[in-house]
2 protein chains.
Amino acid sequence: MATRPRKTPSKPQAFPHPHHDHSRCTANALRTAETVCEKHGARLTEIRRRVLEAVWASHAPIGAYDILAELNTDGGKIAPMAVYRALDFLMEHGLVHRLASLNAFIGCALASERHTAHFLICRSCKSATEMDGTAVTRAVKKTLSEHGFVPENEIIEIQGLCAHCHKESA
Amino acid sequence: MATRPRKTPSKPQAFPHPHHDHSRCTANALRTAETVCEKHGARLTEIRRRVLEAVWASHAPIGAYDILAELNTDGGKIAPMAVYRALDFLMEHGLVHRLASLNAFIGCALASERHTAHFLICRSCKSATEMDGTAVTRAVKKTLSEHGFVPENEIIEIQGLCAHCHKESA
DNA sequence: ATGATTAATGTTATAACGTAACATAAATAA
DNA sequence: TTATTTATGTTACGTTATAACATTAATCAT
């Protein structure tokens with residue numbers, strides 16, 4: 001008998017330790033991307049992969065034009081359109097999220113599971129991480145039903161200090 | 001014995017009926033703005049008032065450059081800076097909110113009470129309204145404490161269909 | 001394989017959103 | 001009335017994002 005599929009992301013994401021081995025995050029993300037694309041019958045082309053790598057260069061959200069600069073460090077002349085197109089692709093497939101409050105993009109650590117992304121954004125170290133949105137989504141649903149509002153997309157971005165930075169500043 | 005001050009906005013805001021008497025909303029907003037500014041020792045100058053009026057021209061969020069166009073319909077040459085400065089002022093005093101997901105601004109119907117704004121945004125009629133964020137904020141707080149994250153600002157914007165538009169489309 | 005079709009990328013130009021920096025004018029305080 | 005602060009004017013530019021059309025590369029059907 002198969003186990004019941006879970007409705008929520010497997011683990012609440014923690015803010016990464018400042019000195020963690022980030023190469024593993026990136027490697028994981030790329031492997032996941034390959035899997036996801038294969039499953040979706042989508043092509044992870046050169047430029048899409050490079051954009052994803054740039055996004056995963058850190059846990060801080062990165063702007064489209066910073067990604068562009070990264071891609072062109074070798075003197076290339078990739079245009080903004082190319083980056084935005086790659087980002088659109090990556091978002092469609094759940095590999096990247098956009099943070100509306102920062103006009104910036106961040107890699108999704110839970111790309112293989114469908115979910116609504118809720119973010120915690122640290123104003124000190126600039127990193128951002130997905131929070132477990134289960135309780136919040138429940139609260140939103142409840143409130144919405146009182147309004148008769150039918151939700152389609154939740155944008156939830158909490159800005160503040162992550163545990164590491166808060167400890168530092170104490 | 002005085003009644004205990006309420007922590008939450010007095011009433012949950014409903015989506016305005018499509019055919020409501022909007023002139024009253026605007027009039028209320030302007031009166032409130034005067035009161036608030038007086039209380040804060042701030043000046044509601046000509047341009048600030050005109051920007052506020054433009055914002056209150058409807059319940060749909062409006063972009064800064066649309067406000068600008070509105071102000072210049074008479075052939076004036078007000079510059080973008082002036083609009084952004086007025087918007088900054090109005091936001092500081094809680095008279096206007098910014099919707100990060102739309103790069104747009106909307107009048108605050110609860111300007112006299114301090115609160116965090118949570119929005120419902122209808123993709124059909126384009127109007128937006130503040131929801132009662134009490135339950136959501138509670139859920140956010142709870143989740144955050146598990147992360148050790150210290151919140152400073154909550155951006156919550158739910159996109160979907162308001163009750164009126166949902167009924168229409170049914 | 002070959003041509004038809006779709007998908008992806010290249011290229012140019014421009015729209016939309018937002019701010020820096022410095023000059024001027026208007027209100028308030030001394 | 002002069003000094004000071006507050007608000008606005010003005011110019012220029014930075015940043016973010018997309019439209020429109022051309023070209024190239026992959027996939028499909030025969």
Side-chain angles (χ1 to χ4, degrees), chain A residues 33-34 36-55 60-72 74-93 95-106 126 155 157, chain B residues 33-34 36-38 40-55 60-72 74-93 95-106 121 126 155 157:
Chain A
E34 276 158 17
V36 167
C37 285
E38 179 145 10
K39 194 162 76 182
H40 295 186
R43 291 164 52 207
L44 188 61
T45 60
E46 169 73 7
I47 195 168
R48 289 166 179 172
R49 171 187 294 272
R50 290 184 66 198
V51 167
L52 186 59
E53 281 170 1
V55 165
I62 183 174
Y65 277 76
D66 291 332
I67 294 170
L68 181 62
E70 182 62 31
L71 297 197
N72 283 336
D74 59 355
K77 332 173 202 301
I78 293 172
M81 259 324 298
V83 172
Y84 281 104
R85 285 199 278 234
L87 286 169
D88 284 345
F89 171 88
L90 294 169
M91 286 190 291
E92 264 174 31
H93 294 282
L95 299 167
V96 158
H97 295 292
R98 180 172 189 275
L99 295 177
S101 65
L102 301 177
N103 294 331
F105 304 83
I106 189 167
K126 309 298 180 191
I155 294 168
E157 300 175 16
Chain B
E34 275 159 18
V36 166
C37 285
E38 178 145 9
H40 295 185
R43 292 166 50 208
L44 188 61
T45 60
E46 169 73 8
I47 195 169
R48 287 166 180 172
R49 170 187 296 272
R50 290 185 66 198
V51 167
L52 187 59
E53 281 170 0
V55 164
I62 182 174
Y65 277 76
D66 290 332
I67 294 171
L68 181 62
E70 183 60 32
L71 297 196
N72 283 337
D74 58 356
K77 330 175 204 304
I78 294 173
M81 261 320 302
V83 172
Y84 280 104
R85 285 199 278 233
L87 286 169
D88 284 345
F89 171 89
L90 294 169
M91 285 192 290
E92 264 174 32
H93 295 282
L95 299 168
V96 158
H97 296 291
R98 180 172 190 276
L99 296 178
S101 66
L102 300 178
N103 295 330
F105 303 83
I106 188 166
I121 304 169
K126 308 299 182 192
I155 293 167
E157 299 173 16

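Below, chain A is the first sequence line, B the second, and so on; all start at residue 1. The analysis underlying the following values was restricted to heavy atoms, covering all of them including side chains, and did not include hydrogens, waters or symmetry mates.
Between the axis at the start and the axis at the end of the helix from C:dA1-D:dT30 to C:dA30-D:dT1 there is an angle of 30°, using five pairs per end and rounding to 10 degrees.
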Would you tabulate the nitrogen or oxygen pairs shorter than 3.5 Å linking the protein to nucleotides 6-17 of chain C?
from: C:dA8; atom 1: OP1; to: A:R48; atom 2: NH1; distance (Å): 3.4
from: C:dT9; atom 1: OP1; to: A:T45; atom 2: OG1; distance (Å): 2.5
from: C:dG10; atom 1: N7; to: A:R85; atom 2: NH2; distance (Å): 2.6
from: C:dG10; atom 1: O6; to: A:R85; atom 2: NH1; distance (Å): 3.2
from: C:dG10; atom 1: O6; to: A:R85; atom 2: NH2; distance (Å): 3.4

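The side-chain contact (heavy atoms from CB on, under 4.5 Å) test with B:I67 is passed by exactly one of B:L52, B:V55, B:N72: B:V55.
When the P atom of D:dT6 is taken as reference, atom CG of B:L44 falls 17 Å away, rounded to whole Å. Atom NE2 of B:H93 and atom P of D:dT6 are 12 Å apart (whole Å).
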If you apply the rule salt bridge (Lys or Arg N to Asp or Glu O under 4.0 Å), what do you find for A:E70 with A:R50, and how did you get there?
CA-CA 9 Å; A:E70 182 62 31; A:R50 290 184 66 198; over 6 Å; no
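The side-chain hydrogen bond (donor to acceptor under 3.5 Å, both in side chains) search around B:R85 returns none, not counting sequence neighbours. Checked against side-chain hydrogen bond (donor to acceptor under 3.5 Å, both in side chains), B:E38 has no partners two or more places apart in sequence or in another chain. Listed by chain and number, the residues in a side-chain hydrogen bond (donor to acceptor under 3.5 Å, both in side chains) with B:D66 amount to none (sequence neighbours excluded). Applying the side-chain contact (heavy atoms from CB on, under 4.5 Å) rule to A:A82 yields the partners A:I47, A:I78; only residues at least two apart in sequence or on another chain are considered.
Separation of atoms CE (A:M91) and NE2 (A:H97) is listed at 10.5 Å; rounding is to 0.5 Å.
B:E157 places a side-chain N or O within donor-acceptor distance of the main-chain N or O of B:S101, the cut-off being under 3.5 Å.
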